[in-house]
Amino acid sequence: MQLRVRSITYLAEDINGYELVDPRGRDLPRFAAGAHLDLRVAGYLRQYSLYNDPAERRRYCIAVLRERNSRGGSQYLHERLRAGDRIDVSPPRSDFPLDTTALRHLLIAGGIGIAPIMSMVADLRRWRAEFKVHYCTRSPGKTAFHRELQSLAADGRLCFYHDGGDPARGLDIAAALRAPQLGTHLYYCGPGPMMEASAEAAREWPPENVHYQYFTAAPKRIVDKDRPFRVKLAKSGREYDIPVGETIVEVLRRHGIAVRTSCELGYCGSCLTRYIDGKPDHRDQVLEANGRERYVLICCSRSKTPVLELDL
Ligand code: FES
């Protein structure tokens, strides 16, 4: 779809909100709480969670953090995109939905991870569901929706944590997730260290009650261990060297081979590729153990064997 940027709003330090509408004012496809859009920006596809109420049909709202090491996506949105511009957008996709059978919901948001949680909160309030939100940021100035969430904080359904950059001063995730109650579902979205701490603390939870969404890649594994390897493309028989510091996708692209990607960080699944021979060194956050027996995400994974043969 091509949508028009109706407004750009300052939400917090380095975080803007973008309101996207149909240029002719028509209703947009429905979305579920926790859904995201792919935006085509500066030659990349970028994923952003919707933060507005899923009951709204006339707009999609996304929050964008200006990333320090932006490859162009967030920088472009912050510096170049203007109200009135048009932008290419995919229909909403939902891979972080609320579980409607839950007795209660426990939600943890870190930084810009509040975006999908905001749309969930809209649904949960409408359903009069029992829920509690833990919202962690560095400071009030870096807290998007600080004012909008005051009423939830006042009635005890939301707690703010400002750690000033020191996680030890923020939410004690292990304590918050200790002793899961029967029927409680957990949702978390935030930066890598928060995701890791939540995953660790939720080990005792029933896996079907735990839902999460990465918006950045988990910290990359130690690069010292990386070794060069070769990929062989089964259909053409061609082989390419993958040096340390370059991904399979980057090398193939450099040789003019088109590969479908989106996040290029190992969390969206767009670059899923079947492998025929060799043993991948999986680095994604998408594939389950059985998927890893046949598939590899080539934007981030490497190879444990000298040659990895792909079904390409
Ligand atoms: S492009 Fe997103 S997982 Fe590879």
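What's counted below: heavy atoms across the whole structure, side chains too, no hydrogens, waters or symmetry copies. Numbering of ligands and ligand atoms starts at 1, following listing order.
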The atoms of ligand 1 lying under 4.0 Å from a heavy atom of G266, numbered in the order shown, are 3 (S)
Electrostatic pair R227:D281 at N-O distance under 4.0 angstrom = no
Is any side-chain heavy atom of Q47 less than 4.5 Å from a side-chain heavy atom of R93?
-> yes
Please state which protein non-hydrogen atom is closest to atom 3 (S) of ligand 1 and give its distance, to 0.1 Å?
-> G269 N, 3.2 Å
Could you go step by step and tell me if Y161 and D163 meet the side-chain hydrogen bond (donor to acceptor under 3.5 Å, both in side chains) rule?
-> CA-CA 6 Å; Y161 304 83; D163 66 9; over 6 Å; no
Backbone or side chain, does C271 get an N/O/S atom under 2.8 Å to atom 4 (Fe) of ligand 1?
-> yes
Any link between L272 and V296 through a network of hydrophobic side chains (Ile, Leu, Val, Met, Phe, Trp, Tyr) touching at under 4.5 Å?
-> no
